[in-house]
> 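Got a structure for you, questions after.
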Amino acid sequence: MASTITTSISTPKSKVRLASHSRLFLFPILIVGTLVVFLLELGIGSVKIPVSGIVNVLIGSQVSDSTWSTIILELRLPRTLAAIIGGAALGAAGLQLQTLFKNPLAGPWALGLTAGAQLGVALVVTSAAVIGSSFLEKFEFMGNLSIVAGAMLGCVLVLMVMVTVSKYVSTITLLIFGLMLGFLAQGLISVILHFTNQSQTKIYAGWNDGSFAGVYWEHFPVLVPMAIVGLVGGWLMTKSLNAFLLGENYARSMGLSVKRTRLITLGCAVLLAGPVTAYCGPILFLGLIIPHLARGLFSTSDHRILMPAVMLLGAIIAQAADLFVHLPWEKHFLHLNAVNALIGAPVVMWVILKNKKMRGFEI
Amino acid sequence: MEAVIELENLTTGYRSLSNEKIITSEINTSLLRGELVCLIGPNGAGKSTLMRTISGDQKPISGKVFLEGKNIHELTPKYLAKKLSLVLTERVHAGMLTAYEVVALGRFPYTDWSGKLKDSDHKIIQEAIAMAGADELADRTLSELSDGERQKIMVARAFAQEPQVMILDEVTAFLDLPRRVEIMKLLRKMANESGKSILLSTHDMDLALRGADRIWLLPKGGSMQIGAPEDLILNGAFQEAFATEGMHFDSQSGAFRIHNNYDTEVALIGEGDSATWTQRALERNGVKVDPDAKILIKVQSDQDQNVWIIEQNGSETEIRSVYDLIIQIKKN
């Protein structure tokens, strides 16, 4: 008898106990998955390019067909990188917002951040038109920056409204409020665009249909640093977000500064969602569904696992959706948001049916 | 014994720019090491405000709260978290976190930025879970647990925070009696074996009377009475605090009784459980038990079978259940 007792005590229970760590083996699979989709994105399209061709273009050596180099470097690579950054950023922002608002259907789009960013961009484009139409072309980088600043300002304003409203309304009401805020922004945008000339309206209309294809190399010096700051910031806040799972009162009792955590996390969400929306337009569903897929896959709510998981999953799903859009369809032009809706809507329905709080029985 | 928490002329309440609303005033007392104190009082007496002020969450109107000699409202949140932990009424929705991971969050004030748990942390977490008798729950997610199991885990989490003081606000509110007793036993164990000072606010008078070392009794609008449960009963403080229309605290049985306007009187002869419960049923139905009454009820127990005999005006009626007895008495 004595021997059995000794062994049960000396067993390192700590390793057994953290069930959430049992699926860590999925990370290498996700990394490989990201690379595979990356290669498919570069290789598949109206012109098929073999893997060897892609590798040669990327490392800068000679390729048999010179158009390959142009197609990859000018079209497919910036688009793919935008999808990677956009997917990772929106996934991370979605996770942060869901935990902070304690709302499983929160996300940059559902909370109206996307619409706020669009409104900000519309305002910048219009004021540029009023000041002088050549403004944006003359100071390319500044124009670039001002669009992003407009998007982020729009996000911040919407977030301030949503944070205030969230104190007074329930989970579901908040989502409806966010959607209404989105419609309101859309209405305002139409009115604002009335004051611009036709060519600019056309540019906006194209942008208003979300796509990673509108991102060019000159956008990356703004997009990348902001996304990196947002992602690193998000990573640094994972411990605090875990405490937030128990609710603000418990989080505070553990020594967490609730105000500071909220401010930093929301700031990160703005840095992640704002610039992506500024360059890619409104990308629907991704920010909302990626955290749920990560939770399902890794079977945990631990943000230290979820944060890297949403980044990788976001990169994979955004690339895959973009790849689907750019398959050589013969008669038809697919919209990115249509593909997102095909993946996203069923996930949202599943979340609603699964979650008691969402069904409205328990607030 | 050493005081861990001291209240000095503590007046709690809310202050806005234009006015201040005082909830409880001028409290002087202490919470000793290893002591389990229950804060009880009628609704609206200001228990929650007092609890929030003592836990450092709310500033007092005047006076001070000291934790190991330091003013609690001047401590940094991180320092305070290593000295004082909370368990709250609210139901926690922690997504897919397992019970073990929730208890592990008790180590929050001690871990680095990444929240990485060292072996020593795991040891403390396992001890807290073992203390709470929650070993079988550890691997299950919080959402799978019952209310009682969940509160047990939250108590274990508060314990894993390694505080000097644990403050628990109405944590047994949603639990049934066996679960409430279980939590109380657990808290007693934590106070006795680990020297934690525990302050528990509760509505459960019976549990407080049986489990507390001391009671802080907060009457509505009055001053706080402090003492061993028995002291407060013997000096009448308890009866006074909960005196309401149609109800009184019976110091004989240590329970509340509902007043009745008696319209019938009977004499009761009998022993043991059957007599006790018969009397209760009679009183509930507005029948006073008085030895000099004209109607006599005899309770007889033979072979696990109870028989009630009503003697009235020389005639006898035999009855087989309390329910029928009440119907018969009411007929008269």
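Within every chain, numbering begins at 1; the chains are lettered A, B, ... in the order of the sequence lines, protein sequences first and strands thereafter. Computed from a prediction, not measured in an experiment: that's the story for all the values here. Side chains are part of it too, since the values below use all heavy atoms of this structure and drop only hydrogens, waters and symmetry mates.
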> Please report the interatomic distance CD(A:Glu248) to CD(B:Glu90), rounded to the nearest 0.5 Å.
10.0 Å
> What part of B:Ser85 is in contact with chain A, defined as an atom under 4.5 angstrom from a non-hydrogen atom: side chain, backbone, both or neither?
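Neither part, no heavy atoms under 4.5 Å.
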> Has B:Lys64 got more than 12 heavy atoms of other residues, nucleotides or ligands less than 6.0 Å from its NZ?
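Counting neighbours around NZ of B:Lys64, 12 or fewer heavy atoms of other residues, nucleotides or ligands fall under 6.0 Å, so no.
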> As an exercise: rank B:Gly56, B:Ala158, B:Ala94, B:Gly106 by heavy-atom pairs under 4.5 Å with chain A and give me the winner.
B:Ala94
> Which atoms of B:Ile125 come close to chain A, meaning under 4.5 Å heavy atom to heavy atom: side chain ones, backbone ones, both, or neither?
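When you check distances to chain A, no heavy atom of B:Ile125 falls under 4.5 Å.
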> Could you state the interatomic distance from OH (A:Tyr250) to CZ (B:Arg157), rounded to the nearest 0.5 Å?
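The CZ atom of B:Arg157 is 6.5 Å from OH of A:Tyr250, to the nearest 0.5 Å.
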> Please classify the contact between B:Thr111 and chain A as side chain, backbone, both or neither, with a heavy-atom cut-off of under 4.5 Å.
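B:Thr111 touches chain A through backbone and side-chain heavy atoms alike.
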> Should we count CZ of A:Phe25 as having more than 12 external heavy atoms under 6.0 Å?
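Count over threshold, so yes.
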> Would you give the length of the straight line joining atom NE2 of B:His93 to atom CG of A:Leu246, rounded to the nearest 0.5 angstrom?
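Between atom NE2 of B:His93 and atom CG of A:Leu246 there are 11.5 Å.
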> What heavy-atom pair brings B:Leu105 and A:Asn242 nearest, and what distance separates the two atoms?
CD1-O, 3.7 Å
> Looking only at heavy atoms and a cut-off of under 4.5 Å, which of B:Ser55, B:Gly115, B:Ser143, B:Pro163 has the most pairs with chain A?
B:Gly115
> Please determine, among B:Leu84, B:Leu142, B:Val87, the option with the most heavy-atom pairs under 4.5 Å with chain A.
B:Val87
> Do other residues, nucleotides or ligands put more than 12 heavy atoms under 6.0 Å from A:Arg260 CZ?
no
> Hey, could you give me the OG1/CD distance between A:Thr300 and B:Glu101, rounded to the nearest 0.5 Å?
4.5 Å
> So if I apply the side chain to side chain contact (heavy atoms under 4.5 Å, CB included) rule between A:Ser253 and each of B:Leu80, B:Asp57, B:Leu86, B:Ile167, which one comes out positive?
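Looking at B:Leu80, B:Asp57, B:Leu86, B:Ile167, the match for A:Ser253 under the side chain to side chain contact (heavy atoms under 4.5 Å, CB included) is B:Leu86.
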> Who among B:Leu97, B:Leu88, B:Val102, B:Val92 has the most heavy-atom pairs with chain A under 4.5 Å?
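That would be B:Leu88.
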> Looking only at heavy atoms, which two atoms of B:Trp113 and A:Trp235 are closest? And how far apart?
CZ3-O, 4.2 Å
> So which part of A:Arg295 gets closer than 4.5 Å to some heavy atom of chain B, the side chain, the backbone, both or neither?
both
> Can you name the nearest heavy-atom pair linking B:Met96 to A:Ser299, along with the distance?
CE-CA, 3.9 Å
